[in-house]
Amino acid sequence: MDIFSVFTLIGGLAFFLYGMNVMSSGLEKMTGGKLESALKRVTTTPLKSLVFGAGVTIAIQSSSAMTVMLVGFVNSGIMELRQTIGIIMGSNIGTTLTAWILSLAGVKGENILIQMLNPEHFSPIVAMVGILLLMVGKRRKKDIGNILIGFSILMFGMQLMSEAVKPLADMPQFTKILVAFKNPILGVLVGAAFTGIIQSSAASVGILQALSLTGSITFGMAMPIIMGQNIGTCVTALLSSIGVNKNAKRVAMVHIYFNLIGTVICLTVFYTLNLFLQFAFVEDAISPVGIAGVHSIFNLITTILLFPFMKQLENLAKRTIPDSNHKDATFLDERLLATPSFAIAECHEQIIKMATLTKTSVAMARDLHYEYSEEMMQEVKENEEQLDYYEDNLGSYLLKLGSASLSEKDNKEVSRILHVISDFERIGDHALNLAEVAEELHEKKLAFSEPAQDEADKLLDAVMEILDMAIESYCNNDKKEAVKVEPLEEVIDIMCDNLKETHIKRLRKAICTPEQGFIFNDLITNCERIADHCSNVAVCIIRVGEANFEPHKFLHDIKTKNDPVFEGYYVMFYKKYIV
């Protein structure tokens with residue numbers, strides 16, 4: 001083996017890691033935010049968490065990425081530590097699929113169908129299909145093309161590594177080195193160290209499978225190395241836990257303890273039995289399929305052994321990371337940016353919280369007009385500050401996401417969120433203004449006349465209804481609900497114009513004072529502005545993501561072209577609030 005073989009080995013590893021990254025990115029785009037939304041539903045029981053963890057890791061082809069996401073979720077306060085343990089166990093099972101795919105490199109035979117199972121033969125075809133999809137496909141097909149190209153690059157890297165290490169089979173120096181690996185502790189340390197350096201258990205297993213093609217690696221050498229590789233893959237999660245809160249650090253510790261305890265148990269039991277039974281296969285050469293098998297069996301056995309002891313693993317992590325290192329949860333942890341669809345889905349969850357807070361503020365502002373309370377007034381002010389915080393941080397976070405490569409669905413979701421953030425924040429401002437109207441009436445010991453109060457009550461009811469519809473349409477992405485908003489907004493505009501005219505008449509008749517008139521006008525203006533922002537949210541749900549989207553033209557068209565749906569709802573709301 002000369003220096004050029006070393007260069008080929010390094011180049012093969014580079015292709016392997018790049019291919020894995022491209023394939024994982026494509027797979028993650030294909031899954032979109034569905035996995036993140038499912039996450040909150042399936043972590044209710046340990047078994048569901050286990051299955052889900054395996055499924056996500058198979059989908060995104062990276063147990064390290066899965067664990068890093070969990071660190072981010074716990075750091076953000078989205079998940080609790082106990083919810084992540086089953087997912088971590090399932091993730092270790094899911095990651096074994098990569099080894100089985102790589103094991104196809106050892107498939108040999110005379111039959112053409114059997115030969116086509118070898119990636120060396122079929123990956124060029126996969127690459128060509130991927131390139132065609134990338135060149136002529138649209139959106140989703142491009143994502144599929146990226147997955148296929150990533151897989152082909154990965155397999156090409158595997159092939160390069162296999163070719164580079166072939167000369168090792170004839171080198172006596174290599175044989176002498178391998179003798180040292182008969183010590184299981186050394187095997188575990190080497191497997192852990194190498195995997196920790198390259199931060200990819202898949203690549204580490206792939207190199208071991210490439211070496212196994214020389215016929216020099218035995219079962220006895222491979223098993224400790226594979227177990228060490230599982231420990232080494234924890235390094236990524238450990239690095240991601242730097243600077244996070246105590247519970248997020250504990251996620252990384254659970255991952256380490258799971259693999260470490262599993263390795264100690266499996267090695268102890270196996271070598272104890274080997275002392276008495278003298279397993280013959282220990283000295284047999286292991287194949288890539290054998291490595292995949294050992295990898296899967298180890299993770300399955302470890303999961304079966306430790307699954308009943310999730311609570312004990314949690315307690316062990318808590319003892320390792322005591323409560324004295326407390327730090328508040330982080331709003332939208334930046335670790336989630338590594339998997340954009342998960343980050344976007346989490347932004348969606350935060351904007352729903354923002355919308356709910358907006359609705360609460362408007363409802364409290366309305367209630368203040370019926371019964372004033374200093375505590376409720378203070379809460380409205382605090383909510384407005386919280387909404388400002390949401391707007392600033394969500395906007396900044398989404399700008400960072402803008403540099404990532406996003407799927408068509410994710411692009412639309414980012415666009416939706418960016419469109420509505422300022423609307424919800426501005427509704428919060430107007431809710432505070434409405435509360436201040438009630439505060440001014442209270443402090444000056446004023447009250448609207450009975451007719452004015454009746455009109456204000458009806459207007460506030462209409463505002464609450466339009467806000468309910470706008471928020472429901474956004475939270476559920478419900479276009480049918482969204483189309484009701486603009487007709488009611490038109491009715492509210494008419495109500496506001498009518499109320500201004502009737503109030504001027506009351507002023508002329510001295511039924512109301514000018515001071516009451518200014519306050520009443522402020523109430524009307526803020527209600528009208530809230531309805532306008534609700535209209536913006538609804539239009540966003542109906543038309544965002546469409547080519548040449550122009551909200552003003554859209555609104556003009558539905559109002560002037562006798563749209564039957566618009567007319568139907570308009571008449572309904574007109575009868576409800578004006579007639």
Side-chain angles (χ1 to χ4, degrees), residues 9 13 16-17 20 57 62-64 66-67 88-89 91-100 102-103 161 165 168 174 177-214 216-239 252-274 279 281-283 285-303 305-306 313:
L9 178 63
L13 177 60
F16 187 100
L17 292 172
M20 177 63 72
T57 306
S62 176
S63 61
S64 296
M66 182 72 250
T67 310
I88 290 170
M89 292 181 176
S91 180
N92 272 36
I93 295 173
T95 196
T96 61
L97 177 67
T98 309
W100 284 106
L102 297 176
S103 70
M161 288 191 292
V165 298
L168 291 175
F174 180 62
I177 293 171
L178 290 179
V179 172
F181 286 96
K182 290 187 177 181
N183 182 328
I185 296 176
L186 181 61
V188 170
L189 292 174
V190 169
F194 186 71
T195 306
I197 291 169
I198 64 175
Q199 291 194 38
S200 173
S201 61
S204 182
V205 171
I207 291 173
L208 185 62
Q209 286 176 311
L211 286 170
S212 72
L213 292 172
T214 65
S216 304
I217 308 294
T218 66
F219 275 90
M221 297 174 188
M223 284 190 292
I225 295 174
I226 291 168
M227 294 178 193
Q229 288 167 339
N230 276 268
I231 296 171
T233 196
C234 301
V235 169
T236 307
L238 199 60
L239 291 173
M253 293 311 302
V254 167
H255 195 202
I256 292 170
Y257 283 134
F258 175 75
N259 288 298
L260 196 60
I261 293 170
T263 297
V264 171
I265 292 173
C266 289
L267 280 180
T268 303
V269 171
F270 178 79
Y271 282 101
T272 301
L273 290 174
N274 189 46
F279 297 124
F281 68 86
V282 172
E283 298 300 324
I286 193 170
S287 65
V289 174
I291 290 172
V294 170
H295 193 210
S296 297
I297 291 168
F298 166 71
N299 283 291
L300 284 169
I301 290 175
T302 303
T303 300
L305 288 173
L306 297 181
L313 276 174

Spacing of M89 atom CE and L305 atom CG [to the nearest 0.5 Å]: 10.0 Å

Stepwise side chain to side chain contact (heavy atoms under 4.5 Å, CB included) test for V289 and W100: CA-CA 7 Å; V289 174; W100 284 106; 3.9 Å; yes

Minimal non-hydrogen separation, V235 against G196, with atom names: CG2-CA, 3.7 Å

Student check: side-chain heavy atoms of C234 and N259 closer than 4.5 Å: yes

Check: G293 main-chain N/O paired with S296 side-chain donor or acceptor under 3.5 Å: no

pair L267-V188: side-chain heavy atoms closer than 4.5 Å: yes

Heavy-atom donor-acceptor pair, Q209 side chain to A99 backbone, under 3.5 Å: yes

Intermediate values then yes/no, side chain to side chain contact (heavy atoms under 4.5 Å, CB included), V282 and N274: CA-CA 9 Å; V282 172; N274 189 46; 3.9 Å; yes

Residues Q229 and S204: side-chain donor-acceptor under 3.5 angstrom: yes

Y257 side, atom OH; L306 side, atom CG - distance, nearest 0.5 Å: 13.5 Å

Criterion side chain to side chain contact (heavy atoms under 4.5 Å, CB included) on H255 and N92, from CA distance to verdict: CA-CA 9 Å; H255 195 202; N92 272 36; 3.5 Å; yes

Distance flag, aromatic centroids of F219 and F279, threshold under 6.0 Å: no

Check: T303 side chain, N299 main-chain N or O, donor-acceptor pair, under 3.5 Å: yes

For the student: nearest non-hydrogen atoms of G220 and Y271, plus distance: O-OH, 3.4 Å

From CE (M223) to OG1 (T263), nearest 0.5 Å: 12.5 Å

Beyond-backbone contact of C266 with I301, side-chain heavy atoms, under 4.5 angstrom: yes

Nearest atoms (heavy-atom pairs only) where V205 meets H295: CG2-CE1, 4.2 Å

I231 side, atom CD1; M227 side, atom CE - distance, nearest 0.5 Å: 9.5 Å

CD1-CD1 distance between I261 and I256, expressed to the nearest 0.5 angstrom: 11.5 Å

Heavy-atom closest contact (S287 atom, S212 atom, distance): C-OG, 3.7 Å

Exercise: identify the closest heavy-atom pair between T272 and T268: OG1-O, 2.5 Å

Side chains of F194 and I207 in contact at under 4.5 Å (non-hydrogen atoms): yes

Straight-line distance of I291 CD1 to I225 CD1, nearest 0.5 Å: 8.5 Å

Side chain to side chain, V294 and I286, heavy atoms closer than 4.5 Å: yes

